[in-house]
Each structure stands twice: as C-alpha cells, then as structure tokens.
Amino acid sequence: MSGKYDFKEVEARLAESWERNGVYRFERNGNAKVYAIDTPPPTISGLIHVGHAYSYSQADFVARYKRMRGYNVFYPFGFDNNGIPTEILVERNYKTTAEDMGREKFSRLVEEETKKYEEMYRRTWTQIGISVDWSLRYSTISKEVQRISQLSFLMLANERRAYRKESPSIWCPKCKTAISQMELKDMDFKSRFITIQFSDGIQIATTRPELLPACVAVMVNDKDEKNAEKIGMDVTVPLFGNKVKVIGDRRVDPEKGTGVVMCCTFGDLTDIEWYKAYNLELRIAIDEDGRMLLGKYKGMKIREAREEIIKELKEKGLVLDEKEIVHTVNVHERCNTEIEFLVKKQWYIRYLDIKEKLIGLGEELDWHPEYMKVRYKNWVSGLQWDWSISRQRYYGVPFPVWYCRKCGEPVFADIGALPVNPLEQQPEKRCVCGSESFEPETDIMDTWATSSLTPMINGRWKTDSGLFERIFPMDLRPQAHDIISFWLFTTIVKSYLHTGKLPWKSALISGHGLDSKGAPMHKSVGNIVEPKVVIERYGADALRWWASSSAPGSDASFQEKELVAGSKLINKLWNVNNFITMNYPEASDAKEGAGKNIVDRWILSICSTTIEKVTSLFEQYDYYTARREVERFFWIFCDDYLEFVKYRVYGGDASVRQHLDGVFLAILKMLAPFMPYITDEIYAKRYSKVDGSTSIHVSKWPVSGEFAYNKESLEHGWRVAKVLESVRILKHNIKMALNAPVKELVISERIGEGEDDIKGAMNISSISIGEGSAKVDDLGISIELRT
RNA sequence: GGAGGCAUAGUCUAAUGGUAGGACGGCGCCUUUACACGGCGCAAGCCUGGGUUCGAUUCCCUGUGCCUCCACCA
C-alpha cells in the first residue's frame, strides 16, 4: 500500500475504467431528477490550450458535485465543426481552397480532417477528467444536426421570422462572404486623412478617397453655423463630375475634419443609415473581391485606386491637406481584412422587434457571477441589425431552399425530407407559378445559426420522443464570458422563438485562462500552454486544481506554483491514506458516533460545519470558495488532528479508526469534484466496499448531520489546538525536535479535557500548574517547558 | 465615447469599517516510525488623492494603470 503515488499510471487506468464502466452515463429512463448541462462545443480550429481546460474543468466541478448529490446528470459533448474556422483550418493545413478543389471534394477532406481533430480533442478532454457522457456526443456538421438546424430555419421562415432581403451587408473581401456584426473586431491602421476640394467651396476630409465615385450625397450638421447654409445646394464630385445634394443631419460632427462628410454607398454604417433615411441613390463602387467597379479605375484593388485617385486629385490641385493618422477600422476577426459594405441578398432572422423581450429573458436567467448579466444587456440594447445568417462559403449547413427560375420565389424543402442539400436534390413540389426549374441556394448558414440550437441538438429535437422534454429547459449553461454576445445570446433567441422559454435556468460564466504574465494565449504570440504537457508533468488533478484557483467569471493566469500546490495536496492525500491503512488495513464501517475524546469531537464538529458550507457554496456555483473550505479543513486534519491522535493510534486505541475513516472519506468526497483521480483511487482501494459504490464519483455526497456538531467541543478543541501550537513554538525556539521528549509542561491554568492529547502529541511526560514565561495567543494563559 | 471587471508582500491570491489570511519563492530550525514531494517557525503587503467616519485596505468620489465587451472611426 505504501509507496509513491504514480499519477500517470493511475490517471490512465481510471480514465479507461470510468469509460468502460459507464460511470458518467446518463440514464435515459432513470428515476432520479435530471440535471442537464449545455456543454460548449469547442470549435475545431486546431489548438487546445490550458484555457480550455480552465473553463471546462469549472463546469465539470459542478457536474461531479451534482452527480454525487444523486442527480441523473445529462452532460453531453459536442464538436462545432461546421463553419468558417474549420474550413480555414483545412485550407491552411493543406494549402488549398474550396474553390480550387471543388466543393464536394473539399467537404470530404474537411470531414476527414475534423475527425482526426475530434479524436485528439476527445483524448485531451478525457485526460483532463471532464465527466461527460461520450455517448451523447454530437457534431454540428452531422446529418442529425443539419436536420435540426434546417428545421429551425424552415419554422422561422414559415413565420416570416427568417427573411431574405437585399441589403447592405458586412462583407469580407478576402473570405468573400458576408459576415455578421459579431465577427468583427477592431484594428489600428495607418492611414492618410485627405482634405478634398469639391465644388462651391465645399471641402471634405476623408480617409477613403477611392469612394468618391460612390458619393451620393454630402452631409453637414444642420446646426453647424458655418455649413448649414449649404444645405439643399447641388455639389459636383471632383474627378467624376456627378452632382449630389447637400443634406443636413445631426449625425455629422461639425468639429471633425471640415465638418462636411461625403456619404458613399457604402463606406461605413452611418452611410447605410443615411442611404436608408434619405432614400439615396445606390452607387456601388467596390465588388466582392474588393476591386473597383466604376470609371477608369475599374478592376483596380482598393488601395491602388486610392493612390491613383489621390495622385489625380493632386495633379488638379484639389488636395488641400494631407495628414498621417492612425485610425481604427473594423476587420474580419478571422483574417484581419478590412471589411466593406456590399449590397447582397442575405437571409436574416428578425429580432430587433423583440429586443425588450430578450432583455427580459436575460433578467430572468440566474447568472453566475451576477455582473455578467450587464454584458448581455448592453449587447442586446446595442443591436442595430437583424441577425444575418447566410454565408457565401462552402462547408456548413446548407439552406433547404431553391429559387424558382421563372418567378424567383423561394421554394422550401419539406420538413420530412430534411436534411436536404439543395445542390444535390430538387424540391419535391412545383413552384406556385407552376415552374419546375429551380436554382439551388448555394449559401450556407453561419455557424451560430446552428450552435444556437445546442439545447435542441442535445434533446434530439422533434425526433427522439421524450428526451427533449426531459432535459429542457436545461439546468446549466457553462461558457466563457467572451461569447455571451454570441453563443449565449443566440441560444436565448432561438429558444425563445421556438419554445417561448429560456433555454436554461442558470449560466455559469468562466473567465479565461491566461499565460503566466496575464496575457491571453495566442498561437501567434507563442504563449500557448498545452494541457497534455502539463498533465504529463503534474497530472490532470493538479491541472484541475489550478482551474479551481479563481472565482467564476474571473480570469486566471497560468501559474506553475498552483500546479505545485496541487501536487503537494495529492501527495498529502496519498500519504494520509498510507498512514491510516498502515495502522488499520481495513476501513471502518461503523456509523460516525459522537466521539468520546475531545479532539475527536472537535474534528467532527469542524467536519460537520465544513460539509455544510461546502455544500451550500456548491449550490451557489461557488466551487472556488468551496474548494478553499475543503482545503483549509484538510490541512487542519493533517497538521493538527493526526498529530493529536497518533499516540492513541500507536497505543492501540480502537476508537480512533472510525473517526479517521469517517472524516477522511468526507474530505475525499468533497475533493472528488476537483481531483477525480487521486480521490477515486483511494476510494477504490479503501472505501469502495464499506461505502457501497463502485466509484467515488457516483457515491453519496457527505451529509453534515452525520457528523456530530457540538459548539462547546468545537471551542474547547480550538483551545487545545492553540496550546499545541504554542508548545510547538517553544520547542522550535530551543531547537528541539517536535517529538523530542519533554519532562514537564507548566501551564497557568488547567485545560481539562485534552491535556492527554497535548501530552501525547508533544511527547510530554507531565503537566503542572504554574505561571509560565510564554503566552498562548488569545487564550490569556501562559506556559513553559521543563526538559 | 459607453459599459463591466480588476488593483493587497518578490509572485499569485483571500477576507475584512477596528490586530490583512493562504500559496509559491526566500531565510532559519527539526534526519519525527504517513509524507524531506515532509513538519515547524521567521521576514515580507493594502495603487494616488479627496470625502464619509471616533476609526477606511474595506464604503463613496477622483485620478492612474491593467483586462473584457460594445460603439465610433467622414
């Protein structure tokens, strides 16, 4: 039994045995109350780092706690492999593109490639000890998920919630697709702010002179004294010669540039607002590839055209000023390309009209931590566009739609025929106009349009009778804070539109795992720490210990020392087990009694209050404080209690055994959610038989009432412990070994019960009453040692 | 520009309207039969300024710095 703990051997063996024995299996027909978790399906994008381990472990703490509380835990796992990130991964790995390869061939390649990654991910998650039921695994590109996603679309289209509209869309010229507001990020670019002379004394400062040909109006602020008089005038656009009106609008900042703005279709969001508000002409200057469409610049790249136009303006003396500036522009978050606005036919889901309702649902959700709610609210309040769900890409869930070649009307697939790929199939009916000739929709759905359906996917919506009803609304949505405005929000949208309800009761929002300096981990920065490397060195339990080292919602930097602390704890647990087993080979199966000895009653009282605290903290999803409570208790157990009882153990006092076992088992159970391997290993070796479960992870969570609590014992026990501490310091001060024999302890007043334990723990022969030279903290008594 | 979070020893991190706890690291003592991957001990800390208060690290305001998210970006 003794010997070192070999975490590598144990972790590999247990991971395999949990899987083989179905320890985490969800009971389809079980009677126990269901606890359903809407696990985040990680994007297959190539890299796994300890940040993933950080947030998934936090959800797992809760899952394991709930399981031990007797819930039938529904804890699935999914892979999000249907969208642009996956496509880009494959393009990068194989240095090819879907266009080059052909759509069919490329899709097959993506499928094969993602399978490899999925296996790799699965191994890592299993190693980390995430207690998901792998039989509930899903992939967002699977036929089943495509069916659900298409079904959702058809239902929304049927209600006119999903609509197709030609409208300015945010466009990435590199990826050649429309993208959503969510996929934008900011980047700073150097640029030139150029003041251009228009006709009639109008001067306009712009960073985008190449949009001159798309200029459809000139805007000034209607309250701007120096410019307001120009409202209503016709102005000629330089180089291009077309006439445009001057319009007054409050959105113009009179202090910026010259206080005059050109409205081009389209340079930015404000242009779009003006275009809509004033019914302006549409002049499209840039095509899907980011090339110019108008005038002699046709075919030029945006930047070339910009240079060319500046050159010509200069030749004509129309450039009045030129300044180097750094300005922030919106770029596509995946490829860092400056976005453009193009007019395209896109599918949208209308939700601007239900903003208030969505904000209300956010209020109803039980957020952990609470302040994350605000982010959701701000996001929803700030929405300006309906949800654009179509993408001009290749790999993803197709729209089950064709368009009639004759009348242009969309024809939707039959629900019974789903999933449908319109590129390979034809509609089963004629168009209302009688035509049988159709053009398939070639766009695919945005990945969020599908991943927003995870509760439906988990519940095998509309096929599996009863499962959806059993798990929905789900109990918990665990996820990181960065995607509150994406995944959490869109899931609420879909859930509300399809069921009228919130998809879950609670949300547990995790922070990010950062590098040791507190910076986000990025492949490009080269600061990625891979879980498997950490597991190799310290073990999964230690990695998880780090994940439990900060509160829900807060970021944590990756600290090696937190792993060291975890390793030490693991070692300590192992050695406590060695100690107990060495003296008592079999675990006690006695019911915990009150305890005769004061230190027994003391530790039982602390145990009772600790269980109570830890349980209620877990109920509030505060795994972090819970962990600290257990940890604190465990060190009291080791450093004080075990020292107190050693003399009785060696002396053959049989009454100690049941307390050692009872309390240690409670500690193991409370640590089991955090350190599943070491706790289960000890449980299997020592407690499985007397406790009656095959694994600690399906054993019963400790009950505080089963450990006798007594206020006086608790207080008196602490007095005894304080004296012990003081004696330790005295022995230390005279360079004595802590167990070296001492003739006599002089103490200013009787301690009463517990004196024997002090004598036993500190190897003291006798205790006498008298004033001592040293004070015991807080107790107002003094002591002295006579050797 | 708006919103949210954070600021505590060399490092990471708690609690608290009245002596700031823990971990890692440092230093020292103890070779003690669960553990030297150990035990015990020591040193070391509340971002700036203002307010409320008998008293502020804590509550309020301000500044500074860091991290998110959003908006703007002619």
Side-chain angles (χ1 to χ4, degrees), chain A residues 1-2 4-5 181 184-186 188-189 191 193-196 204-209 211 215 218-219 251-253 256-264 267-271 325-330 369 371-384 480-485 511-512 514 516-520 546 549-551 553-583 624-625 628 631-632 635 638-639 642-643 646 649-650 725 728-729 731-740 763 778:
Chain A
M1 188 71 219
S2 61
K4 296 206 185 311
Y5 175 65
Q181 200 178 341
L184 299 179
K185 70 172 184 188
D186 287 353
D188 287 333
F189 280 104
S191 182
F193 199 43
I194 292 167
T195 307
I196 302 169
I204 294 179
T206 178
T207 52
R208 302 205 55 188
L211 286 176
C215 177
V218 166
M219 313 298 295
R251 277 166 279 205
V252 179
D253 177 359
K256 200 156 180 177
T258 57
V260 187
V261 187
M262 58 178 188
C263 171
C264 308
D268 62 37
L269 287 168
T270 327
D271 287 345
I325 57 162
V326 173
H327 74 155
T328 317
V329 295
N330 277 325
Y371 61 77
M372 290 293 177
K373 184 194 287 187
V374 182
R375 298 197 185 188
Y376 172 88
K377 198 177 164 187
N378 285 344
W379 166 260
V380 181
S381 313
L383 285 173
Q384 296 185 43
H481 57 59
D482 57 337
I483 50 173
I484 289 174
S485 49
H512 283 157
L514 309 171
S516 61
K517 293 187 193 75
W546 163 67
S549 71
S550 66
S554 61
D555 296 344
S557 57
F558 184 72
Q559 298 296 327
E560 195 102 5
K561 68 190 176 63
E562 209 43 64
L563 300 169
V564 172
S567 303
K568 286 187 174 183
L569 182 68
I570 291 164
N571 182 52
K572 200 74 175 174
L573 286 164
W574 189 246
N575 282 307
V576 169
N577 179 54
N578 282 346
F579 170 71
I580 300 178
T581 302
M582 199 172 280
N583 291 290
Y624 165 65
T625 314
R628 295 217 331 257
E631 191 184 12
R632 192 184 61 93
W635 292 109
C638 293
D639 296 341
L642 289 188
E643 293 306 319
K646 265 180 184 169
V649 170
Y650 297 149
E725 189 189 324
R728 274 175 177 164
I729 294 176
K731 282 186 134 178
H732 177 262
N733 287 348
I734 53 176
K735 300 191 178 188
M736 237 183 168
L738 291 180
N739 73 337
N763 201 0
D778 305 336

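Residue numbers start from 1 in every chain, and the chains themselves are labelled A, B, ... in the order their sequence lines are given, proteins ahead of strands. Nothing here was measured: the structure is a model prediction, and the numbers come from that model.
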Interatomic distance at C1', B/C37 relative to B/C59, whole Å: 45 Å
Base, sugar-phosphate or nothing for [X]? Non-hydrogen atoms, less than 4.0 Å.
X: A/Ile729; value: sugar-phosphate
X: A/Lys646; value: base
X: A/Asn571; value: base
X: A/Trp635; value: sugar-phosphate
X: A/Thr625; value: nothing
X: A/Tyr5; value: nothing
X: A/Arg208; value: nothing
X: A/Leu514; value: nothing
X: A/Glu725; value: sugar-phosphate
X: A/Asp639; value: sugar-phosphate

Residue-phosphate contact under 4.0 Å: A/Tyr624 side-chain N/O, B/A14 OP1/OP2: yes
Phosphate-side-chain proximity, A/Lys735 and B/C40, N/O vs OP1/OP2 below 4.0 Å: no
B/G28 base / A/His732 side chain donor-acceptor hit below 3.5 Å: yes
Mate of B/C73 where both pairing distances stay under 3.5 Å, Watson-Crick or G-U: none
Identity of whatever pairs with B/A3 - Watson-Crick or G-U, under 3.5 angstrom: B/U68
Comparing A/Met219 and A/Val576 on RNA chain B - which has the more 5′ nearest nucleotide: A/Val576
Donor-acceptor contact present, side-chain A/Thr581 to main-chain A/Asn578, <3.5 Å: no
Whole-Å distance separating the CG atom of A/Asn739 from the P atom of B/C35: 13 Å
Mutual orientation of the aromatic rings belonging to A/His512 and A/His481 [parallel < 30°, tilted 30-60°, perpendicular > 60°]: tilted
